[in-house]
Amino acid sequence: MPIAVAVEFIGYFPFDSLTCNIWLTFDVCCCTSSIWHMSVMSLNRYQTLRYPLKYGRNKRRSLVTYKIITIWIISFAICLPLFILALIDSSNVYNEKTRACFPTHRTFKIYGSFVAFFIPLIIMIVTYALTMTA
């Protein structure tokens, strides 16, 4: 967040391409993790309402830990291609001329949008719709 605030105030990314790559990778990873956590929470809410005696009683600490670890692994898997693409060619995340830091690789933008946003969105829409009808 401090880097994002600095970019907003200054108007450009004040660091080099490697810092841009690291910052952008962590930003994508954390945002993806947040969105996937919301999807899993919506799924948990639905299952708890749909199967109150069966699902609510079987919540174990190990299962919750497994879900959290799985979400973070998914998040790292989603942002890893961005990191590798930027190592291969820094112009995939950093524009030297305008000193802007954002993903520019078209395939990653499509892949990242679907896996990090649209799939969790569909999961949340379906589970909340089912929750409303349960």
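The model shown is predicted, which means the values in this text are computed figures rather than measured ones.
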How long is the gap from [atom1] on [X] to [atom2] on [Y], to the nearest 0.5 Å?
{"X": "Phe26", "Y": "Asn21", "atom1": "CZ", "atom2": "CG", "value": "10.0 Å"}
{"X": "Thr133", "Y": "Arg50", "atom1": "OG1", "atom2": "CZ", "value": "8.0 Å"}
{"X": "Met41", "Y": "Ile123", "atom1": "CE", "atom2": "CD1", "value": "13.5 Å"}
{"X": "Leu43", "Y": "Thr131", "atom1": "CG", "atom2": "OG1", "value": "9.0 Å"}
{"X": "Ile78", "Y": "Phe108", "atom1": "CD1", "atom2": "CZ", "value": "8.0 Å"}

(message) Run the side chain to side chain contact (heavy atoms under 4.5 Å, CB included) test on Arg99 and Phe15 for me, step by step, so that the C-alpha distance in whole Å, both residues' side-chain angles and the decisive distance to 0.1 Å come before the verdict.
(response) CA-CA 8 Å; Arg99 296 184 73 180; Phe15 305 107; over 6 Å; no
By ring-ring contact (aromatic ring centres under 6.0 Å, His included) - contacts of [X] (at least two apart):
{"X": "Trp23", "value": "Phe13"}
{"X": "Tyr12", "value": "none"}
{"X": "Phe118", "value": "Phe114"}
{"X": "Phe117", "value": "none"}

(message) Can you give me the closest heavy-atom contact between Ile35 and Met124, atom names plus distance?
(response)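 Scanning both residues, the minimum pair turns out to be O-CE, 4.2 Å.
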(message) Test: side-chain hydrogen bond (donor to acceptor under 3.5 Å, both in side chains). Region: residues 101-117. Which pairs qualify, not counting sequence neighbours?
(response)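 Sorted result for residues 101-117: empty, none.
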(request) Please list all pairs passing the side-chain hydrogen bond (donor to acceptor under 3.5 Å, both in side chains) test where one or both residues lie in residues 81-94, with sequence neighbours left out. (result)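 Matches after skipping sequence neighbours: Asp89-Ser91.
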(message) If the condition is disulfide (SG to SG under 2.5 Å), which residues does Cys79 pass it with, not counting sequence neighbours?
(response) none
Applying the 4.5 Å side-chain criterion to the ILVMFWY set and letting contacts propagate, would [X] and [Y] be lumped into a single cluster?
{"X": "Ile22", "Y": "Ile3", "result": "no"}
{"X": "Tyr128", "Y": "Met38", "result": "yes"}
{"X": "Val115", "Y": "Val40", "result": "yes"}
{"X": "Ile71", "Y": "Tyr46", "result": "no"}

What residues form a side-chain contact (heavy atoms from CB on, under 4.5 Å) with [X], not counting sequence neighbours?
{"X": "Ile73", "value": "Ile69"}
{"X": "Thr70", "value": "Tyr66, Ile74"}
{"X": "Val64", "value": "Ile68"}
{"X": "Asp16", "value": "Leu18, Thr19"}

(request) In sequence, state the C-alpha distance, the side-chain angles, and the governing distance for Thr32 and Ser75, and then conclude on side chain to side chain donor-acceptor pair (under 3.5 Å). (result) CA-CA 6 Å; Thr32 302; Ser75 299; 5.3 Å; no
(request) Could you go through the side chain to side chain contact (heavy atoms under 4.5 Å, CB included) check for Leu82 and Val93 one step at a time? (result) CA-CA 8 Å; Leu82 179 65; Val93 295; 3.5 Å; yes
(message) Using modelled atom types and a 3.5 Å cut-off, is there a donor and acceptor pairing between side-chain atoms of Ser33 and backbone atoms of Cys29?
(response)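 Not at all, since once roles are kept as given, no pair shorter than 3.5 Å links the two residues.
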(message) Please give the remaining members of the hydrophobic cluster of Ile84, linking ILVMFWY side chains under 4.5 Å, ordered by chain and number.
(response) Leu80, Ile88
(request) Show your reasoning for whether side chain to side chain contact (heavy atoms under 4.5 Å, CB included) applies to Lys67 and Trp36. (result) CA-CA 10 Å; Lys67 288 178 183 179; Trp36 274 100; over 6 Å; no
